[in-house]
Amino acid sequence: MAAAVSTADNDFFKSNVLGHPAGLFVLFFTEMWERFSFYGMRVLLVNFLTMAIVGVDNPGWGWSMENAGALFGTYAGLLYLTPILGGLVADKFTGYRWAVIIGSIIMTLGHASMAVETEFSLYFGLGLLVIGTGFFKPSITSIISEMYEGKPDKKDGAYTIFYMGVNAGAFFGMMLCGYLAEKIGWSWGFGLAGIFMLLGTLQFWLAKPLFGKIGGVPDKAKEVHEIEEEERTGVKDHKHNPFTLMDKILVAAASTIGFLYLINDPLSRIADLNLLPVVMPFDFKGEPFSGPLGMAIIGLVLFLILVISRLRRYAKVVRDRLIAVVIFAFFTVFFWMSFEQGASSLIVFARDSVDRELIGTGATVFNTVNALLTVVPLMIITWVLYLLWRRTFSKIPGSNIVLGLCFSGIWGIVLWMLYREFSADVTEITVSWFSILNSFFIIVFASFFSKWWESKYNPSAAWKYSFGLILLGFGFGLLAFGSSGLAEGAKVSMIWLILAYLFHTLGELCLSPLGLSYVSKLVPARMIAFMFGMWYLAIAIGNKLAGSFGGMITEISEKYDLSTFFLIFTVVPIGAGVLVALLNPLLKRLMHGIK
């Protein structure tokens, strides 16, 4: 433990950038380019799949929203399940840095496959993205956890800054990939995502000298020595709790059922091929019970048995803290179920129900605002790159040069886009433009929240979760109000969608980056990557539910109206937010002093 902290002090905390180690900002940019690629593709997927085949300038595949939502939900769900396995591989075999490289290369190939635009290349590309993310996602956050070992007071701020990198990448990825895809052609958008994934991989690899041993291949002899030392001295971070044969059986059974359920949903809808029974061998109140739903319930029960049995074997303090993680994970499901409508139903809402065409003064005002929204954040991120360049160029020149080339490319595309729009007679706002608002608001407000969490007014974890869920629900409430009484074929003002994204973002800043921080604080060191993977399981469930419910926007709108659809996502998160606030005293006791 002391050696790890000393290494972090020597290699990182003596070369600060904005009050944090330079290594954090290498990870900042690595994650930024990965998120550029991920969100650049993500904002296109449902729009591309559901865009009409004929009668439009840039035809898509003409899928129904139900089928597109099923595929997106499965893809998004699997993205957060594979980190469980990827985290274990990184923990035991490759180390975190190699896992990041492996994952990045696989994702680059996935983006290249997506750019081909055939049905096989689409599914194959999505599969590669899922596998690559499994290696990448838990490993890069685990590197941060290792860097800040022994400095828990700095973790919240570090994860919030890191989250700015996530959203800077998402901002420019959705704007530029979305613009090229909608204005020029879908392949341009998918292809641009792959190019920056490749460059992001290269800059991380070239920054290797900066990290020393942090995130390296696990030293098995050292790990065995640490365990023996803990047993000899009686000082240990947790009781050794190996997986029993029954644990492994439960893991295999629950994982298999969950995987089959995720794959079966789009497969049964799109190809009419069922991997699970269509109905269960019993009726429910005289009606046939859904086979896939029944199998999902069985898998969930098996997983709960696994979690409960393992928690019982830990010492009280560790057990209580892990129970707190499970409770937070439960509420995380409700958050992402609603928040991820931004990748499904809100895309269709923006395309079909929001007035996006501007002329004259309105177009000039929008283009001016859009230029400021784009250029100002890009200048800020470029300034951060300059600070990193000054601190680290002598040690990692190659990495800095690649980053410089990346930003030169981004500046070139941004200036071309702005010139094209200012020269046009009519401005039609792209569907993807609204999605960038989430990232823009995070860039604007992240530093405020970082300082809040480090001040004496820092609220408890439960209250942060409560604020996040209630703000999210309020954003959907604005959409419900704005779309109420909407006549068939009419469109709403874009201000309602802009305000919704503002409140969704404020809610996200209260909850999402802090979730990772609390896992790293509450979970014993040698379980960290695995528990990050378990945390992503909750997000996976939320994402799958988001895709399933988002796919119902057409059905609910036709049967009731758009306002009713958005009211669902108003009531559920606000109710969850009130409940988690009521659990604040219990959660404080379970966390045993962790703040």
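For the numbers below, each heavy atom of this structure counts, side chains included, while hydrogens, waters and symmetry mates do not.
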Mutual orientation of the aromatic rings belonging to Tyr501 and His504 [parallel < 30°, tilted 30-60°, perpendicular > 60°]: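 Rings of Tyr501 and His504: perpendicular, over 60°.
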Taking every non-hydrogen atom, the tightest pair across [X] and [Y]:
X      : Y      : value
Ala168 : Ile381 : CB-CD1, 3.9 Å
Ser139 : Val100 : CB-CG2, 3.9 Å
Ala540 : Leu81  : CB-CG, 3.8 Å
Tyr39  : Ala170 : CD1-CB, 3.4 Å

State yes or no: are the ring centers of [X] and [Y] separated by less than 6.0 Å?
X      : Y      : answer
Phe36  : Phe196 : yes
Tyr465 : Phe328 : yes
Phe349 : Phe566 : yes
Phe407 : Trp33  : yes
Trp336 : Phe339 : yes

Listed partners of Thr361 passing side-chain contact (heavy atoms from CB on, under 4.5 Å), at least two apart: Val365
Gap separating the CG atom of Leu276 from the CE atom of Met295, nearest 0.5 angstrom: 5.5 Å
Distance (rounded to the nearest 0.5 Å) between Leu346 CG and Ser353 OG: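 Nearest 0.5 Å value for the CG-OG distance: 10.5 Å.
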Exam field: side chain Asn58 to backbone Ala181, donor-acceptor pair closer than 3.5 Å: yes
Using a 3.5 Å cut-off and no angle test, enumerate the donor-acceptor pairs between side-chain atoms of residues 546-559 and protein atoms at least two apart in sequence or in another chain.
{"residue": "Ser548", "atom": "OG", "partner": "Lys544", "partner atom": "O", "Å": "3.1"}
{"residue": "Ser557", "atom": "OG", "partner": "Ile553", "partner atom": "O", "Å": "2.6"}

Taking salt bridge (charged side-chain N to carboxylate O under 4.0 Å, His left out) as the test, write out the residues that go with [X], two or more places apart.
X      : result
Arg351 : none
Glu31  : Arg35
Glu182 : none
Glu428 : Arg356

Identified side-chain hydrogen bond (donor to acceptor under 3.5 Å, both in side chains) counterpart of Thr427 within the set Asn367, Thr364, Asn370: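 Answer after filtering Asn367, Thr364, Asn370: Asn367.
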Chi angles and distances behind the side-chain contact (heavy atoms from CB on, under 4.5 Å) call for Phe445, Phe449: CA-CA 6 Å; Phe445 291 107; Phe449 279 87; 4.0 Å; yes
